[in-house]
Amino acid sequence: MKPIGPPQLAPATALVQLIQENPSLTPATWTIDTEAGSLHGHLHDGGMEALSAYAALIGGEVALSRGWQLRGVVVRTHTLSAVWRDVTVRVAVVLPVSGVAGSAVAA
């Protein structure tokens with residue numbers, strides 16, 4: 001089904017619903033991809049616990065990036081990808097590799 005209205009309307013509506021219906025979620029910085037009609041969030045606080053709360057709510061799967069250096073610390077991006085209310089939603093958090101249980105840096 002073709003979206004009705006401007007391409008940013010569906011992800012913007014989904015974001016408003018997500019925040020209104022779940023005010024206890026850790027706040028994120030959000031952007032809307034108007035080309036894809038998707039919603040992207042970046043968590044600055046809360047770590048894996050915050051990302052897990054989003055996953056419990058919207059479903060989806062978490063993918064890990066390869067380890068990379070940030071200010072001398074090896075980090076990895078954990079990205080939750082889901083479709084919620086007919087909108088593709090991605091929520092990411094960057095964490096030190098040593099701070100994630102069972103993690104190892106890919107060579």
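The figures that follow rest on heavy atoms only: side chains count, while hydrogens, waters and symmetry mates do not.
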Atom pair CD (Gln20) and CG (Leu15), whose distance is rounded to the nearest 0.5 Å:
10.0 Å

Is there side-chain contact between Leu57 and Asn22, with heavy atoms separated by less than 4.5 Å?
yes

Is there a donor-acceptor contact under 3.5 Å from the side chain of Tyr54 to the main chain of Gly59?
no

Find the distance between CG (Asp86) and OG1 (Thr13) and round it off to the nearest 0.5 Å.
11.5 Å

Between Asp33 (side chain) and Glu35 (backbone), is there a donor-acceptor pair under 3.5 Å?
yes

Ring centroid separation for His42 and His44, is it under 6.0 angstrom?
yes

Return the minimal non-hydrogen interatomic distance between Leu43 and Pro27, and the atom names on each side.
CD2-O, 3.8 Å

Answer whether the closest heavy-atom distance between the side chains of Thr77 and Trp68 falls below 4.5 Å.
yes

Search all heavy atoms of Ser38 against all heavy atoms of His40 and return the closest pair with its distance.
OG-NE2, 2.9 Å

Going by the rule side-chain contact (heavy atoms from CB on, under 4.5 Å), which residues pair with Ala53 if we only count those two or more places apart in sequence or in a different chain?
Leu25

Would you find a donor on one side and an acceptor on the other, under 3.5 Å apart, between the side chain of Arg76 and the backbone of Ser65?
yes

More than 12 heavy atoms of other residues, nucleotides or ligands under 6.0 Å from CD of Gln17: yes or no?
yes

Which atom of Ile58 lies closest to which atom of Leu18, heavy atoms considered:
CG2-CD1, 4.0 Å

Which residues satisfy the salt bridge (Lys or Arg N to Asp or Glu O under 4.0 Å) test with Glu21, sequence neighbours excluded?
Arg85

Which atom of Pro7 lies closest to which atom of Pro11, heavy atoms considered:
O-CD, 3.4 Å

Cluster overlap Leu9 with Val83, hydrophobic side-chain contacts below 4.5 Å:
no

In Å and rounded to the nearest 0.5 Å, what is the CG to CG distance from Leu95 to Leu51?
8.0 Å

When every non-hydrogen atom of Thr26 is compared with those of Ala50, the smallest separation belongs to OG1-CB, 3.4 Å

Working for side-chain contact (heavy atoms from CB on, under 4.5 Å), residues Leu80 and Glu61:
CA-CA 5 Å; Leu80 169 65; Glu61 295 182 5; 5.8 Å; no

